[in-house]
Amino acid sequence: MRFKNIKKNSVTSMYLKWLMLFTVSVLTMFMAVYLIMEFRLYSLVNASAAADISKYIDKLQNDDFSFISLRRFKDTKIVILDENNSILFRSENVSSAVSFTESEIDNIPDFSNDEFFEVTRMSKNGRYFYMVVKANYKEGVKVVDDYSILDENHKIIEGSLFGVKTSLTDREFNFLTGKFAKDYGISKLTYTNNSGAKRTAIVVSPELNAAYFNDALNSVYKLWWILIPLFFLILLVFSLLISRQIKKYIATLNEAVLGVTRGAIFDLSKYKGPFEFKEIMANFNDLSHRLEESEKKREYLDMERQRILTDISHDLKTPITVIQGYSKAICDGLVSEETKDKYIEIIEKKAEAVSALTDSFFEYSKMEHPDFTVSAEKCDICEFCKEYLAEKYQELDVSGFELQVEIPEEPIFCKIDRALFRRVIENIISNAVKYNPDGTLVFFEINSETYGAEITIGDCGIGIPESMASSIFEPFTTGDISRTSGKGTGLGMAIVKKIIDAHHGNIRLIYPAENGLSAEFRIMLPKAY
C-alpha cells in the first residue's frame, strides 16, 4: 500500500497513528529500562576511587566535603586526614574507630603522583619471597627508584625501600598491593589545601573481581523482568483507548439505528469521524430516508387500497341494488306484463355494468401483481397502429367521428405486447367517443425521436375537467362526479398507465392541450435494437 493513497481522516490513518504511538511507547519503555540498567551497572562496576575524588579537587582544597555522599559514592568508604594524619572527614559508612599509622599511609598507592609499587612473588629452593619495587615512568620508560625483598612473613631481607624497618605488618603489605580487605581495594590522593596544609584522602572501594562482577550483572539483568508486565500494561492501556475511540465513532450510528426502530429519523450528514465511517453513515442516512419514503409510500398505498375498496363497493352497490329491487318487484308480481320487459332490460344492463366492473378490476389487480409481465416482441409501431386504425375507422365513421392520422412511412421499431398495447389505444379512443358529442375530431400522430416513438392521441371535444387532470391515471377516476352515469368503470386509464409502465415507457396528459386539441395524451416508447 502506498502511503500517498491513505486518506488523512480514515480508519487506516487512525490505525497507523495508534500503531506509531504504541511502538514509540514500547521503545520508550525499552530505552528507559536500558538506561536504568546502564546507570545501575555503571554504579556497581565503577566504584569510586581516588581518581573520582580528584575530580572535586577545587572543593577539597577549600576543605569542602559536602559533595561526598553515599548516593554519589555508593559502596565507597572515604577518609580525609590532615597533616598530622588526624581525621578531618569520614563518610557515613566508616566506623568512628578507624585509624591509619604513618607507615600504613606511606604504603597506600598514591594517585596524585607517578610513583607506584610493584609486588612480585618469587620462589627459591621451595621458599617464597616478595620483590617490592618502587618505580615511576619517565618519558614512557619505567625507572626503578628503590627496592626491598621480603620473605613470606613480610620480614625485610634485602634493600632500603623501607628505611630502618625490619618487617612489615600484614596490613602494610596488603596496602602495598592496593588491597584493604577481601574484595576491596585502597588508594589515596595527596594534596595541599588553599592554606598550604597537607591533606590525604584515603578511598576504599570494591574490587572488580569475577564474583562481584557477576553479582552486579545478575542484579541488573533482573530489571528485564519488569518489561513483561510493563508491555502488557501498555497494551491494555492502548486497547482501552482504541476501544473508547471506536465506541465514540459508532455511538452515533447506534443511536441512529435505535432511532429508526422507534420511528425517528437521524440526520447523519454532519457526522465527523473516519472516512470509512462517514461512508457508512452516508449510506445509512440514505437508507433511513429511503425507509421513510417507503413507509410514506406504504401508508399511501394502504390509503389507496382502502379508497379502491370503497370505490368498488360504491360502484357495485348501485347496480346491485337496482337489480335486487327490480328482480324482487318482478318476483312479487308487482310489475305488469307491459313493463316487465323494460325491467328485465334494466336488470340486464346493470348486470353487464357489474360484469364489466369486475372484469376491469380483475385486470387491474392482475397488473398490480409483482409477477405481472408483458409478452413483448419487436415490431414496427407505425404499421401496427395503421392496422388498428384501419379497423377502427368504420366504427368511428358510423358514430359520426372524424379521424385525422399522421403516421410516418419509415418504420419505428419498438418492443410491445400487441394485445395489451391495442388495449391502450382502444381505451383512449373509446373514451374520446364515449365522452364527446358526434362530429368530434379524433387525432392520432406518431413521431420518431432519438429515444424511440412518441405517440400523440387527442380530440377536439369538450376536453377534460381541470379537477380530473391530476388524477386521470388513478383508479376509479371518471368524467362523472356522481359516478352513476354508467359510462365507465373508472379503471380504464389506470390500466393504460400500468401497461405503458410495463413496457418501460411513459404516458402523460398534456394539460392544457396543444396543437388546437381539447384533450391530448402523449405516449413515449423506447426503441428496440
Which heavy atom of [X] sits nearest to which heavy atom of [Y], and what is that distance?
| X | Y | result |
| --- | --- | --- |
| R171 | S99 | NH1-O, 3.5 Å |
| P526 | C414 | O-SG, 3.6 Å |
| A201 | I53 | CB-CG2, 4.4 Å |
| L235 | S239 | O-OG, 2.7 Å |
| I500 | N506 | CG2-N, 3.3 Å |
| E172 | T101 | OE2-OG1, 4.4 Å |

Is there a donor-acceptor pair under 3.5 Å between the side chain of [X] and the backbone N or O of [Y]?
| X | Y | answer |
| --- | --- | --- |
| N193 | N62 | no |
| D64 | S66 | yes |
| N113 | E115 | yes |
| S95 | A97 | yes |
| S25 | L21 | yes |
| S148 | I156 | no |
| N93 | T76 | yes |
| K142 | A135 | no |

Kindly assign one of parallel, tilted or perpendicular to the pair [X] and [Y], based on the angle between their ring planes and the thresholds 30° and 60°.
| X | Y | value |
| --- | --- | --- |
| F238 | W18 | perpendicular |
| F175 | F100 | tilted |
| H154 | F173 | parallel |

Where do E83 and R199 land on the salt bridge (Lys or Arg N to Asp or Glu O under 4.0 Å) test, with the steps shown first? CA-CA 6 Å; E83 64 274 13; R199 297 287 185 264; 2.9 Å; yes
Are L189 and V203 packed together at the side-chain level, in the sense that at least one heavy-atom pair is separated by less than 4.5 angstrom? no
Flag if over 12 foreign heavy atoms under 6.0 Å of [atom1], [X]:
| X | atom1 | result |
| --- | --- | --- |
| M31 | CE | no |
| D114 | CG | no |
| K527 | NZ | yes |
| K17 | NZ | yes |

Give, for atom CD1 of I108 and atom CD1 of I202, the distance between the pair rounded to the nearest 0.5 Å.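 Result: 4.0 Å between the selected atoms.
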Distance in Å, C379 SG paired with I412 CD1, rounded so as to fall on 0.5 Å steps: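 One gets 11.5 Å once the value is rounded to the nearest 0.5 Å.
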Side-chain donor-acceptor pair present, [X], [Y], cut-off under 3.5 Å:
| X | Y | result |
| --- | --- | --- |
| N85 | T200 | no |
| N84 | S86 | no |
| D417 | H503 | no |

Cation-pi check, R121 onto Y128 ring (under 6.0 Å, within 45° of axis): yes
